Undergrad: 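Pasting a structure here, questions to come.
Since the model is a prediction, treat every value here as computed from it, not as a measurement. Naming convention: chains lettered A, B, ... in sequence-line order (proteins, then strands); numbering from 1 in each chain.
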2 protein chains.
Amino acid sequence: MAPIAKPVPIVLAPAGPPSVRPAGTASPAPVISIRDLKTHCLTCSMRELCLPLGLTVDEMKQVDALVANRTKLKKNETLYRAGEPFHALYAIRIGSIKTTVLAEDGREQVAGYHMLGDIIGLDGIGTDRHGCEAIALEDTEVCVLPFVKIEDLARTLPALQRNLHQVMSREITRDQGVMLLLGSMRAEERLAVFLLNLADRYRRRGYSSTEYVLRMTREEIGSHLGLKLETVSRLFSRFQEEGLIQVQGRAVKLLDSGALKRIVGQRG
Amino acid sequence: MAPIAKPVPIVLAPAGPPSVRPAGTASPAPVISIRDLKTHCLTCSMRELCLPLGLTVDEMKQVDALVANRTKLKKNETLYRAGEPFHALYAIRIGSIKTTVLAEDGREQVAGYHMLGDIIGLDGIGTDRHGCEAIALEDTEVCVLPFVKIEDLARTLPALQRNLHQVMSREITRDQGVMLLLGSMRAEERLAVFLLNLADRYRRRGYSSTEYVLRMTREEIGSHLGLKLETVSRLFSRFQEEGLIQVQGRAVKLLDSGALKRIVGQRG
DNA sequence: CGACTAGTTGAGGCCAGTCAATGTTGGTGG
DNA sequence: CCACCAACATTGACTGGCCTCAACTAGTCG
């Protein structure tokens, strides 16, 4: 048995924005254990960025019910590998995960850098096998969402169906953005976009948008941006020299995001 | 009323007027008109690559019923533009379409090169607005699939639901492949992948996999592959010199696809 | 402390981009 | 049918941005 019900107040990391009370919300259960607080969509701080977005309390409980379990991953542990049979999506509760696609010759490309609230595994649906690898960049916890159950429930909950489609569609849109970046931007633009994109995502999660810690090495960032690690390192140094950012290893502070934005879309 | 039921053999050329059949029009024609032959999933030559894949006859009829209409596009005409409200997916019946994403500064990147049987517009679901432009590369005809109707029907037809999810997921997988290409491959590898990919897609559609006609200019191909048109042109010439392919403008013949495959994944 | 990984910085080379001239193709109208 | 024009394509010469190779530093862990 796991430890239970210590009388601790709520406290989930990012004190912040998400606090919606759907219509028809009755007063909550008489007693809520900390386990409840930790493991239900209803109380998850990411519910406004995750699959249950916009669902009623009752609907959310049904989504809750299909969450098979949560999985904890230590840094560098693999959630799934390319080629493995697909049976679930994963919602990141805590931590961050990189997904990498591999060519036959072993070359590897970081396709995505996912953080809490993100849902991954979508590329497995089409072939019933995962198309990429998912590796934890730090200690991470994910909700396991068995896909057949999601599909079942989506047939009775239009709101869930809609959310699922939106999540998948946004992934497509995101990928197209990466394609644009990789296909037509110069190195400094790529890094600027990367830094600004992270800022935006942290902001929407209630964290600072000007100061954050990268969870990837220079090499992984380079792989994600189609650059070599030396190039990434040089750019970090240059941006710092020019007063755009402040870098200390993986800690980044954006000093002039206006200038960063101006870099993007600038002809060499 | 449109002309009907002439005893003409199959012929699915681009003859005829817009051929609109509103969803409710269910005239249970005892005789199958040429119009029926032309416009129903049941008889569409692409049904095994399109949304109705694997559906029963009855289910397919229901999908048929939700096809609002077909749209014809002349070469270079736009099906939708980035930012326009999204309300439907499009299945390509005849022809081919490029989708392009644009950066704020006007830079443009060809994100996809779609041919008959492909379904496009998926990136609009997440934001209710199209995220890219779709432009016909030749005279083209598409089925218009209103998305709310698809969602409705998907809730009662699990097979359709499954297909929709697979279509979306495969788009994600495809995009990841493009990311790998753009992020880590050299110019000659990119073109080789492009040519082999087209061969494969034509093959699955019952066309020659060694001889086909490109529907894009060198510039569009370059944009798709993250290269400049001059580079694409030079590579075509070089591949021809080396006996890998034969090129005559946009007509391509693969002479040694084994060698093309060997190019891919080869260290410079 | 040594071994290892991650990161920084420099020197030089190469692949693809840029600029420019020329050739080819296809559509239009006389 | 042919002439013409514009769009498309090819090819060459040169440039430059990023990669490669390499040396060195800083922090970490057994």
Undergrad: Describe, as an angle rounded to 10 degrees, how the axis at the first end of the helix from C:dC1-D:dG30 to C:dG30-D:dC1 is tilted relative to the axis at the last end, five pairs per end.
TA: 50°

Undergrad: Which of the following nucleotides, D:dT11, C:dG7, D:dC19, is nearest to the side chain of A:Arg250?
TA: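 Nearest listed nucleotide: C:dG7.
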
Undergrad: Tell me whether A:Glu241 is salt-bridged to A:Arg238, with the criterion being a basic N under 4.0 Å from an acidic carboxylate O.
TA: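 Answer for the salt bridge query: no.
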
Undergrad: So, under a plain 3.5 Å distance rule, would you say the side chain of A:Arg238 forms a donor-acceptor pair with the base of C:dT8?
TA: no

Undergrad: Round to a whole Å and report the spacing from CG of B:Leu229 to C1' of D:dT11.
TA: 12 Å

Undergrad: Any idea which of D:dA9, C:dC15, C:dT8 is nearest the A:Ser233 side chain?
TA: C:dT8

Undergrad: Would you mind reporting whether B:Arg190 and B:Val193 have side-chain heavy atoms less than 4.5 Å apart?
TA: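 No, side chains not in contact.
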
Undergrad: Checking side-chain polar atoms at under 3.5 Å, does A:Ser96 have a donor or acceptor matched by the opposite partner on A:Glu138?
TA: yes

Undergrad: Identify, between A:Ser237 and B:Leu235, the residue whose nearest nucleotide on DNA chain C lies closer to the 5' end.
TA: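 That would be A:Ser237.
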
Undergrad: Report the distance from atom CD1 of A:Ile221 to atom C1' of C:dT8, rounded to the nearest whole Å.
TA: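 It works out to 14 Å between those atoms.
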
Undergrad: Could you state the atom-to-atom distance from CE of A:Met216 to P of C:dG7 in whole Å?
TA: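 One finds 11 Å between P of C:dG7 and CE of A:Met216, rounded.
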
Undergrad: Is the phosphate of C:dG7 approached by A:Gln248 (side-chain N or O, under 4.0 Å from OP1 or OP2)?
TA: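 False: A:Gln248 side-chain N/O out of range (4.0 Å or more) of C:dG7 OP1/OP2.
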
Undergrad: Given atom CZ of B:Arg190 and atom P of C:dA16, what is their separation to the nearest angstrom?
TA: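 It is 8 Å, rounded to the nearest whole Å.
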
Undergrad: Atom CG of B:Leu225 to atom C1' of C:dA16: distance rounded to whole Å?
TA: 13 Å

Undergrad: Counting side-chain heavy atoms from C-beta on, which of D:dT11, C:dG17, D:dT10 comes nearest to B:Lys228?
TA: C:dG17

Undergrad: Name the nucleic acid region contacted by A:Gly226, choosing base, sugar-phosphate or nothing; use a 4.0 angstrom heavy-atom cut-off, strictly under.
TA: sugar-phosphate

Undergrad: Which nucleotide wins on minimum distance to the side chain of B:Glu230, given the candidates C:dT25, C:dG7, C:dC19?
TA: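 Of the candidates, C:dC19 comes closest.
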
Undergrad: What is the ring orientation for B:His130 with B:Tyr80, classed by angle as parallel under 30°, tilted 30 to 60°, or perpendicular over 60°?
TA: parallel

Undergrad: Give the nucleotide from the list D:dC8, C:dA6, D:dC18 with an atom nearest to the side chain of B:Thr217.
TA: D:dC8

Undergrad: Expressed in angstrom and rounded to an integer, what is the separation of B:Arg218 atom CZ from C:dT24 atom C1'?
TA: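 After rounding, the reported distance stands at 12 Å.
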
Undergrad: Is B:Arg186 salt-bridged to B:Glu189, cutoff N-O under 4.0 Å?
TA: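 So B:Arg186 pairs with B:Glu189 through a salt bridge.
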
Undergrad: Nearest whole Å is fine: how far is C:dG7 P from A:Leu191 CG?
TA: 13 Å

Undergrad: Check the phosphate of D:dG17 against A:Arg186, side-chain N and O only, distance under 4.0 Å to OP1 or OP2. Yes or no?
TA: no

Undergrad: Report the residue (A:Phe236 or B:Met185) whose heavy-atom-nearest nucleotide on DNA chain C is the more 5′ of the two.
TA: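 Upstream on the strand: A:Phe236.
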
Undergrad: B:Tyr207 vs B:Tyr202 aromatic rings, parallel, tilted or perpendicular, using cut-offs 30° and 60°?
TA: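 Ring orientation of B:Tyr207 relative to B:Tyr202: perpendicular.
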
Undergrad: Would you indicate which nucleotide in C:dG7, D:dC18, D:dT20 comes nearest to any side-chain atom of A:Thr231?
TA: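 The closest nucleotide is D:dC18.
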
Undergrad: For B:Lys261, is there an ion pair with A:Glu104 - N to carboxylate O distance below 4.0 angstrom?
TA: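 No, this pair does not count.
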
Undergrad: Between atom CD in A:Gln240 and atom C1' in C:dT9, what is the gap in whole Å?
TA: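 Taking atom C1' of C:dT9 as the reference, CD of A:Gln240 is at 14 Å.
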
Undergrad: Hey, are B:Glu141 and B:Arg70 close enough for a salt bridge, meaning a charged N less than 4.0 Å from a carboxylate O?
TA: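 Judged by the 4.0 Å cut-off on N to carboxylate O distance, B:Glu141 and B:Arg70 do not form a salt bridge.
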
Undergrad: Assess whether one donor atom and one acceptor atom, taken from the side chain of B:Arg234 and the base of D:dG12, lie less than 3.5 Å apart.
TA: yes

